[in-house]
Structure formats: C-alpha cells, structure tokens
Amino acid sequence: MIKTGIGFDAHRLVAGRPLILGGVRLDHPFGLQGHSDADVLCHAIADALLGAMADGDIGVHFPDSDPQWKNANSLDLLARVRERLTARRAKVVNVDAVVLAEQPKIAPHRTAMCANLSRALKIAPDCVSVKATTMESLGTVGRKEGMAVMAVATVEQGE
Ligand code: MG
C-alpha cells in the first residue's frame, strides 16, 4: 500500500546557535533555537513520514521535555523514524521538502543535505528533494525571525 504524509515545522533564528539544516552546518550569524539541534528540515520530513504512517508526530516520540533529546542530532531522529517504519514493514519511497528562509542561500548546500537525508532514510539521493524559497520579505520568515519547512513523504507498506 502506498501512503503519503505531510510535515511542517518552524523554528526561531537566534544568535549563539549553530545553523544546522539537513545535517549540514551552514556558516551564518544566527542559528535555530530548539531543544534538539533544531534541524527544521529533518523535523518536517520526520513528521511527513510519521504522518504517512498515521503514527503521531515527533513531539510524541521525541518530546522536548525528555533530556534524552537535548541537543539531539536530528538525522538520528530521522533514522529512528525510519526504524519505526521498518518495524511496520514500510519503507520510504521519496521525500520532497521546501525550506522557507530569507538567508542564507540553501542551494549551495542542497547536494550535501540530500546525501545526509538519503543516508538516514536508506534511500537513493535522487529520491530526496530539497528546495528553497524566500518569503520576499513577507511575514516572520521574511523578517528573518525564523525558518520554516514544508515536506511531503511517500512510503510503501508491505502486507
Ligand atoms: Mg522542530
């Protein structure tokens, strides 16, 4: 059976934090605030995968009230989500994501991000798509107060 899920996440940009997207550390004066490494791209994809399986969300499985996930590497969280799929005889078919951010430029890091994501999900790099857009200075993302990511994922579940 083929199943599809949607994921969305947003994090605030603050000084004194590294900016990590898709497991890639970007050179930027601000980073994303969060309990884990705040990798908003991994979080949106994880929620899309969990959504496809009707298996809650990352807040349920990796609560920010649990010190175990403090500064957690979100690629590891993504691999744990993939393991949840495997346990139910499901595998990732493909994922597609859009990063909403004014700065920095995402395109130069896209290949590295897709490579990290494909490794965590155990799928081919050409089954992982990361796109990016600015908000044309509109709203909170446009004011550079944060970043957001939308993602969809397709999974195939065996009998
Ligand atoms: Mg998050």
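Just so we're clear, the structure is a prediction, and the values are computed from it rather than from any experiment. For the numbers below, each heavy atom of this structure counts, side chains included, while hydrogens, waters and symmetry mates do not. Order of listing sets the numbers, starting from 1, for every ligand and every atom in it.
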I'd like to know if the side chain of Arg88 reaches the main chain of Met53, judged simply by a donor and an acceptor atom lying under 3.5 Å from each other, with no hydrogens or angles considered. yes

Please determine whether Asp39 has a backbone or side-chain N, O or S atom lying under 2.8 Å from the Mg ion (ligand 1). no

Give the C-alpha distance, both sets of side-chain angles, the deciding distance and a yes or no for side chain to side chain donor-acceptor pair (under 3.5 Å) between Ser36 and His43. CA-CA 10 Å; Ser36 67; His43 293 180; 3.3 Å; yes

In short, Ile20 meets Leu32 closest at the heavy-atom pair O-CD1, 4.3 Å

Which N, O or S atom of His43 lies nearest to the Mg ion (ligand 1), by name: ND1

The atom name of the N, O or S atom in Asp9 nearest to the Mg ion (ligand 1) is OD2

Decide side chain to side chain donor-acceptor pair (under 3.5 Å) for Ser74 and Asp39; before the verdict, give the C-alpha distance in whole Å, the side-chain angles of both, and the deciding distance to 0.1 Å. CA-CA 6 Å; Ser74 294; Asp39 188 331; 5.3 Å; no

